[in-house]
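From a predicted model like this one, the values you see are computed outputs, not experimental measurements.
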Amino acid sequence: MSLLDNESIPRRQMTLFFMIDKSGSMDGSKIGSVNDAIENVLPIIGEISDENPDAEIRVAALEFSTDTRWLYDEPKEGKDFIWQKVTAEGLTSLGEACRELNKKLSRSNGFMSSPSGCYAPAIILLSDGGPTDDFEGGLAQLKNNKWFKSAIKIAIAIGDDCDMDVLKQFTGSLEAVIKVHNIDALKKMIRIIAVTSSQIGSKSSSANDETKQREVEKQITEAAKDVAGAESAAAPEPAKSDSYDEWD
């Protein structure tokens with residue numbers, strides 16, 4: 001009998017990153033919905049990981065306002081990730097968040113150092129406004145990162161006041177940006193995007209990273225059509241004369 005018959009083959013790691021805008025404008029129902037949605041999707045991510053013979057999915061979360069903070073100092077499995085409620089206050093230091101993400105997207109002193117190897121990560125950015133710091137400088141640094149280049153990148157624009165050009169720059173295309181206008185849509189799309197990105201990002205296949213990005217974009221765009229108050233940023237604007245937002 002081969003020794004391999006009694007040993008499990010190590011699985012590669014795929015990290016799902018949440019980048020969470022917790023600036024003051026997110027206070028109230030917006031940050032409350034983010035907390036609720038991510039806390040409830042973590043067990044699902046854990047199940048997807050447990051059922052995947054090729055990849056172990058781990059979760060990392062970075063909150064940013066005036067400062068930045070990782071909720072844990074290393075990625076954790078969904079079942080082990082005890083969600084810490086994020087509270088909203090301060091400015092929107094998205095440029096600094098990009099620099100902080102860049103540090104962790106590395107094998108040396110970063111989150112991409114799994115002994116069994118890593119798949120390209122999936123990164124979900126949630127924001128309701130525009131950056132108040134040097135976003136261009138932070139993003140330029142991040143765009144030179146090889147892991148970021150190959151990552152699945154999706155942004156959720158929370159409300160009418162979100163800077164769509166900034167989110168487009170981050171993800172690389174408007175097709176990768178989903179707009180949400182109410183609590184229910186925000187919760188549903190966080191779940192849909194997190195699950196879809198985890199399933200596709202952890203695939204062991206010959207598909208290249210660009211193909212995975214397009215596959216995620218296609219699936220979440222279709223899903224958004226069935227969620228009231230959500231749409232792809234690349235879709236035509238809804239025919240409404242006033243604000244589409246309903247956060248009360």
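- Atom CE of Met14 is separated from atom CE of Met112 by 9.5 Å, given to the nearest 0.5 angstrom.
- The side-chain hydrogen bond (donor to acceptor under 3.5 Å, both in side chains) analysis of residues 125-143, with sequence neighbours excluded, yields the pairs Asp21-Ser127, Ser25-Asp128, Lys30-Asp128, Arg99-Asp134.
- Annotation: the span from Gln169 atom CD to Cys98 atom SG amounts to 10.0 Å, rounded to 0.5 Å.
- Inspection of the Gln13 and Thr15 side chains reveals an N or O donor paired with an N or O acceptor under 3.5 Å.
- Contact annotation: the side chain of Thr87 never approaches that of Ile31 to less than 4.5 Å [non-hydrogen atoms, C-beta and beyond].
- Heavy atoms only, all atoms of each residue included: Ser202 and Asn52 are closest at OG-ND2, 3.0 Å.
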Inset, instruction - Determine, step by step, whether Lys203 and Glu215 satisfy the salt bridge (charged side-chain N to carboxylate O under 4.0 Å, His left out) criterion, reporting the C-alpha distance in whole Å, the side-chain angles of both residues, the deciding distance to 0.1 Å, and the verdict. - result: CA-CA 12 Å; Lys203 278 184 178 180; Glu215 189 174 347; 2.8 Å; yes

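- Taken together through direct or relayed side-chain contacts under 4.5 Å among Ile, Leu, Val, Met, Phe, Trp and Tyr, Val177 and Ile200 form parts of separate hydrophobic clusters.
- Using cut-offs of 30° and 60° on the angle between ring planes, the pair Phe111 and Phe17 is parallel.
- Sorted by first and then second residue, the ring pair (Phe, Tyr, Trp, His ring centres under 6.0 Å) pairs with a member in residues 134-161 read Phe148-Phe170; sequence neighbours excluded.
- The closest side-chain donor-acceptor pair between Asn182 and Trp247, if any, does not fall under 3.5 angstrom.
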Inset, instruction - Using the side-chain contact (heavy atoms from CB on, under 4.5 Å) rule, take Leu91 and Ser23 through it: C-alpha gap first, then chi angles, then the decisive distance, then the call. - result: CA-CA 5 Å; Leu91 303 176; Ser23 58; 5.9 Å; no

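- Residues passing the salt bridge (charged side-chain N to carboxylate O under 4.0 Å, His left out) test with Lys153, sequence neighbours excluded: none.
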Inset, instruction - Please step through side-chain contact (heavy atoms from CB on, under 4.5 Å) for the pair Lys79 and Asp50, ending with a clear verdict. - result: CA-CA 10 Å; Lys79 61 187 177 185; Asp50 288 344; 3.9 Å; yes

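- A donor-acceptor contact under 3.5 angstrom links the side chains of Trp70 and Glu100, judged on distance only.
- In the hydrophobic clustering of ILVMFWY residues, with side-chain heavy atoms under 4.5 Å counting as a link, Leu167 and Met26 come out apart.
- Considering only heavy atoms from C-beta on, Glu231 comes within 4.5 Å of His181 through its side chain.
- Under a cut-off of 6.0 angstrom, the local environment of CG in Asp165 is crowded, with over 12 non-hydrogen atoms contributed by other residues, nucleotides or ligands.
- The ring pair (Phe, Tyr, Trp, His ring centres under 6.0 Å) analysis of residues 28-66, with sequence neighbours excluded, yields no pairs.
- Asn40 is not listed as a side-chain neighbour of Trp83, based on a closest heavy-atom distance of 4.5 Å or more.
- With sequence neighbours left out, Glu56 forms a salt bridge (charged side-chain N to carboxylate O under 4.0 Å, His left out) with Arg58.
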Inset, instruction - For salt bridge (charged side-chain N to carboxylate O under 4.0 Å, His left out), just list the numbers for Arg214 and Glu175, CA-CA rounded to whole Å, side-chain angles, deciding distance to a tenth of an Å, and then say yes or no. - result: CA-CA 9 Å; Arg214 299 294 173 254; Glu175 286 75 13; over 6 Å; no

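- Ile183 and Val41 end up in the same hydrophobic cluster when Ile, Leu, Val, Met, Phe, Trp and Tyr side chains are linked at under 4.5 Å.
- Using a 4.5 Å cut-off on side-chain heavy atoms (C-beta onward), Tyr119 and Asp54 make contact.
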Pair up each side-chain donor or acceptor in residues 187-195 with any protein partner under 3.5 Å, not counting sequence neighbours, and list the distances.
from	atom 1	to	atom 2	distance (Å)
Lys187	NZ	Asp36	OD2	3.2
Lys188	NZ	Asp184	OD2	3.2

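- Taking 4.5 Å as the limit, some side-chain heavy atom of Leu94 sits within range of a side-chain heavy atom of Leu125.
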